[in-house]
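Here's the structure we're looking at; comments come further down.
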Amino acid sequence: MAVVSQTPSTWKIQGEIADKLGFKFDVESDSGRAGRLCEKIKKVKKILVILDDLWTGLDLEAIGIPYHSAHKGCKILLTSRDQDLCTKMNAQRIFAIKVLSSIDSWALFKKTAGNIVESRDVHPIATKVAEECAGLPIAIVTVAAALKGKGCQVWSDALHQLRNSEPKTIKGMHGDVYSRLELSYNYLESEELRYFFLLCCLFPEDRDIPIESLVRYGMGLRLFGNINNIIDARGRVESLVDNLKACCLLLHGKIRESVRMHDVVRDFAIAVASSVGHVFLVRAGSRLTAWPKDEALNRYTAISLLDNIIQEFPEGSDCLKLEILLLRNDRSLVHFSGAFFEGMKNLRVLDMSAMSIPSMPPSVECLKKLRTLFLNGCKLPDISMIGGLKELEILSFVGSEVKELPKEMGHLTSLKLLDLTDCHKLKVIPVGVIASLTRLECLYMGNSFKDWGVDVQDMGISNANLAELKHLSYLRAIEVHTPNVEFYPKDLLSGNQLMKYKIGIGEECAFHQSEENTVNVNLARCGSISVEGCGLFTLVKRAQIVIIRNVKVFGYVSYDSIDNEFPNLKSLYVESCSGIEYLVNTEKWMPRSVLPIVERINLSSMQDLRQICHGHLPSRSFCELRELKLSNLPNTVNLWEDPASHACLANLMDVKVYACHKMKYLFCKYTAGDLGQLQHLSLRSCDNMEVILASKAEGPTAQENEIVFPKLISLTITDLPNLMSLSHKTNSFISDSSLHVQAHEPLFNRKVVFPVLESLHLEGLDNMKETWHRQLLPAESFYCLRTLSIVRCQNIINVEGAAAQVHEIVLPKLESLTLANLPNLMSFFPRTNSSAPSSSLHGVSHEPLFNGKVIFSALESLHLRGLDNVEEIWHQNLLCVESFNRLRNLSICNCKNLITIFPSNPGELLQNLVDFSVSDCNSVEEICEGHEATSVALPRIMNFQLGGLPRLKAIWWNKVCNEFLSFQNLRNMTIEGCKCREYLFSFSALKDLIQLQNLNLRGCDMMKAIIATERDKEGEAIQTIVFPQLRTLELAHLPELTCFYQGKCSLEFQSLEELRIKMCPKMQTFATSGTERPKPATEEGLEGQTIQEANASITIQPFFNEKVVLPTLMKLDLRRLDNLKEIWQNEIVGESFGQLCHLHATECKNLLTVVPSKVLLRLHKLEVLFVEECVSVEEVLKQGEDSGDKFVFPRLSNLTLVDLPNLRSFYWGHHTLEWPSLKYVWLEGCPNMQTFSPGILITPELDNSAFSWLKRFWEGDLNSAIQHLFEEGRHKFERPRS
């Protein structure tokens, strides 16, 4: 879906659709993006494209949306307020969206207004008010929200206003909507709120409105009454936004800290703002290219021209009432007249973001009352004029290319907010500039300037140092970064006035979007330094987010009163900090709790850490912890000792543990019993872990309760080679030094329950032989499982252990199953105990992977790889009719003993299959077992791939010449390395290939033709074989292939764009008739003739003849075709090759010529011609009986001729050769080439930069340069060294 709006942007619409399709454009132009988008949409069989809120006609082709015959599976839904527009867009069906019924209107009205509408006094009035909303949803919700919580008198007054209002007309707006929105507007509680609402309409339609922009605009306009500091203004704006959201006049934004305005509400706001005391001119997002020509500009108090493409701004305009001017552009170069701002002396807010400004117009100095100035994302060579704006309070340079703050900025003594975020090029801040901004409240320099106190070599000055911040007594918020902790003064910012801060010290301290106080320390190159001693400790103690990396002396993390010293800490990240054994040590003291409000703990690469908490845990410890990540902690033994169960993990949702090699267990059972919110658990590469949940009961007979993970949806266990069980089923006592786990018990047992688990991934568990025993599991475990993956578990024999009492295994919601690299796996669920022989059951001599006891009624994806013991996946007699009938994706790889894939009569098994792949299975002999498999159908298959099956005897559809294939949805087929029959498709099977788009055949040693010759009378009714959708065709490494098709019919490839034929030595022509053609002579039986003389009498057959129609072919690549002598006849019949852009001929040793001169007329779009190692080629362009006096290559830009020992010239005739686009020529290994062409060469774009190897001989003519080389004996042109 894409929102079009009143000013449609092709770029934006293309981007929104591409995002939904999950791809990125690799081109920049609108037309190029349109082509890519069209290709992507065409690859989707059925797609619905929604274009919302159309106001004008839209060129679908220019956007890249195929329609009608271009893609019949693409349906387009338009929404518009204008029915006539839908008609003009040739909509096939138009649906008028009716207003809500009275019942639905009342339900929506009541839901919005609340239960007050049911009170005795209000109800009769409320029903009439709802009726006045005329069933219009936006009118209902805004009116109901405005009256919510109001008294009976207010309801009566509202009804009176609605009944007596005069409808006002706004294009595209229902007549009654305006008055209903007007009521909501009038009921806003204050003039401040009403103006704030109108301020939101200055932003472009359907765009997010940054709340911070509203704060800064509002401060400049003195909108917030007696509030005169930034922090309080933010709080006020949050309150105003909440109020307008409650009234349904603002919506939640799509990005953080933003809001949106419904386009109807915005239209109303613009109409109001254009008529009341605050007169607004809003042309935001209108794609204006010039300043608006409005003679009444002097009446406006606000002008918004955001997101336009105006490049020239006029001489001064008479805008004396103007208070806010928003000019954000599209980063193009902008020119202001010197006097542009002279008529705007009352301007309070100016936004000139995203402009490339060569120089600030001198008239900026006239803006003496300017309080807010935005220069975000601008190219700014000189900003010294800003120093004259003495009333300026808010100055923003976010993302601009400012390199230096001029010393004149020190004159901005009223400045309250300076935002230099993401100014990566800022390198110079003169000493004293920051200290002069004595009223500064907010200083933002995240991801920006960091050269504090550094000498600027080429300017002979020093940068400001951090000590200047001590002079800013009003400072309340700061984001600052210094690479060296020594530059951070000990007593800097140590007072209590600082409310918001993000401090970065050291290398790579990037700031991320967050409202929380953050300290980020990375002392990778600073040696052993005490953070407490550097003056940062005060802020660390007050911080909500602390990030510490590469600190060698880190006293405060293990500080004995961490609970008291860090009362606000919510997120703690510690990485590569040596010398820390315990994050918290309570051995000598008992705090009230440990980290009671911390929500995230991330510990990484701490070589000395043994425990997070050492000593006794007080109650309610970690009670707010939501995320715990531990990685590369080689000496960590466990999290903590907690025999009294004081650790409270009731809010823990996400746990990830990686490379903690000394941990033998993760949680004790008494801790795990409190994990009711846990949703994701991931354990990886913990070499010594034996169980996940360890028992530490006081004796071997202590009673243990069942542990339930009621919300765990994802469990990943990877590379735990010693893991024996999730939780051992015995009550044996467990210590850290020795974990006694019953040998060979299954990984899961009845002690742990997963009622909602959806994803289970097990990998590298060498001790696991069985995953679970069904009779040893709680009934509810794994019932919700959707994804199961078992990989690299060397000793697993069965996924589920055999049990006499269990007759079947049912995973009713399982959608995806992966079994990979399990060399000893025999079956998913054995029919009997795995030790019992199975040779006599059901006539099956071996155990199939899946039998009748396995029921996967929802399974859609099955991936099998590296199952060495599996000979059969399913068996005919053991296939459950309820199982696998939804299977859509099946891939099988490297199962070396697998003999067959499907049973001969698979029933419903294949009916929904979409993707099918079998590769590198050396023993596979048949895809479908038995001769009766010729009737097997794949009605929904789209992608079919076979590769590396050296023993494959036949694919089921070509075992005999049958007429049944049922491949009507097939899109892509690849067959590689299979020694199957002499042909791929029978003639009669072609009717099912109507959707085939890509066909790749490689390494099939026995294949002689792709399509079998038609049988008697089979081809009489068909004169042309058509491939309507085939786009790419590759034939490679087919040593016996003689042609694509040999028969009476013609071949028509209506959509083929790329044809690659490589290493097919016996292929001389693409399609032949059924008659036998003469074979090339050999040395035997020459009777005195030479081979050349004997072959000269044989008519040369061109590779492409009149039987092959290729109207859309763009790329042709022919390589190692030993029998190829000519690509084309003297001329091309029909529409073939008119779109050809790239032609490659490589290692075709008998090729005599490349392009006949008559064929050249058809190749008018050829751009690249590449001929290499074709040793018999004497000329590239073959002379014929041609009319006219010249040959033109209109688009050819790249010509490469390499290793052609017999080439004498490109063309031997005397016609003029014209190359209007030729820019690159490469010649190498052409020793007999004396001249390029005897005739005139016209190459206007060619110069010596096209070939450095000819630069010495270049005199402006290609012929002369080649002749010079030949005369000097330069028979081999060397490639230049790079």
- [ ] For Ser1221 and Ser1197, indicate whether the former's side chain and the latter's backbone hold a donor-acceptor pair under 3.5 Å.
- [x] no
Task: Check: Ala34 main-chain N/O paired with Arg36 side-chain donor or acceptor under 3.5 Å - done: no
TODO: State, yes or no, whether a side-chain contact exists between Leu1143 and Val1155 at a heavy-atom distance under 4.5 Å.
DONE: yes
TODO: Classify the angle between the aromatic ring planes of Phe1053 and Phe1070 as parallel (below 30°), tilted (30 to 60°) or perpendicular (above 60°).
DONE: perpendicular
- [ ] For residues Met1233 and Ile1266, determine if any side-chain heavy atom of one lies less than 4.5 Å from a side-chain heavy atom of the other.
- [x] yes
Open item on the list: Quick one: does any side-chain atom of Ser1209 pair with a main-chain N or O of Ser1237 as donor and acceptor, under 3.5 Å?
Closed with: no
Task: Test applied, side-chain contact (heavy atoms from CB on, under 4.5 Å); reference residue, Leu1241; option that passes from Thr1216, Leu1246, Leu1217 - done: Leu1217
Task: Closest non-hydrogen atom pair between Ile1010 and Met1007, with its separation - done: CD1-SD, 3.8 Å
TODO: Determine yes or no for a side-chain-to-main-chain donor-acceptor pair under 3.5 angstrom, with Ser1176 supplying the side chain and Leu1151 the backbone.
DONE: no
- [ ] Can you see which heavy atom on Ser1055 is nearest to which on Pro1028, and at what distance?
- [x] OG-O, 2.6 Å
TODO: For the pair Lys1008 (side chain) and Thr1042 (backbone), establish whether a donor and an acceptor sit closer than 3.5 Å, ignoring hydrogens and angles.
DONE: no
Task: Test item: Leu37 and Phe23 side chains (from C-beta on) under 4.5 Å apart, heavy atoms - done: yes
Open item on the list: Quick check: do Ser1050 and Val1109 have side-chain heavy atoms less than 4.5 Å from each other?
Closed with: no
Open item on the list: Given 3.5 Å as the limit, does a donor-acceptor pair link the side chain of Asn1105 with the main chain of Ala1071, or not?
Closed with: yes
Open item on the list: Just to verify, which of Tyr1211, Trp1219, Phe1210 counts as forming a ring pair (Phe, Tyr, Trp, His ring centres under 6.0 Å) with Phe1191?
Closed with: Tyr1211
Open item on the list: Has Asn1232 got a side-chain atom pairing as donor or acceptor with Leu1207's backbone, closer than 3.5 angstrom?
Closed with: no
Open item on the list: If we ignore hydrogens and angles and just use 3.5 Å, is the side chain of Asn1150 paired with the main-chain N or O of Asp1122 as donor and acceptor?
Closed with: yes
- [ ] Can you spot which of Arg1162, His1164, Lys1165 makes a side chain to side chain donor-acceptor pair (under 3.5 Å) with Gln1139?
- [x] Lys1165
TODO: On the 0 to 90° scale, with breaks at 30° and 60°, tag the Trp1226-Tyr1224 ring pair as parallel, tilted or perpendicular.
DONE: parallel
Open item on the list: Treating His1037 as the side-chain partner and Glu976 as the backbone partner, does any N or O pair qualify as donor plus acceptor under 3.5 Å?
Closed with: no
Open item on the list: If we ignore hydrogens and angles and just use 3.5 Å, is the side chain of Lys1107 paired with the main-chain N or O of Gly1047 as donor and acceptor?
Closed with: yes
Task: Considering all heavy atoms, the nearest Val1192-Lys1190 contact - done: CG2-CE, 4.0 Å
Task: Any Asn1000 side-chain heavy atom under 4.5 Å of Arg1060 side chain - done: yes
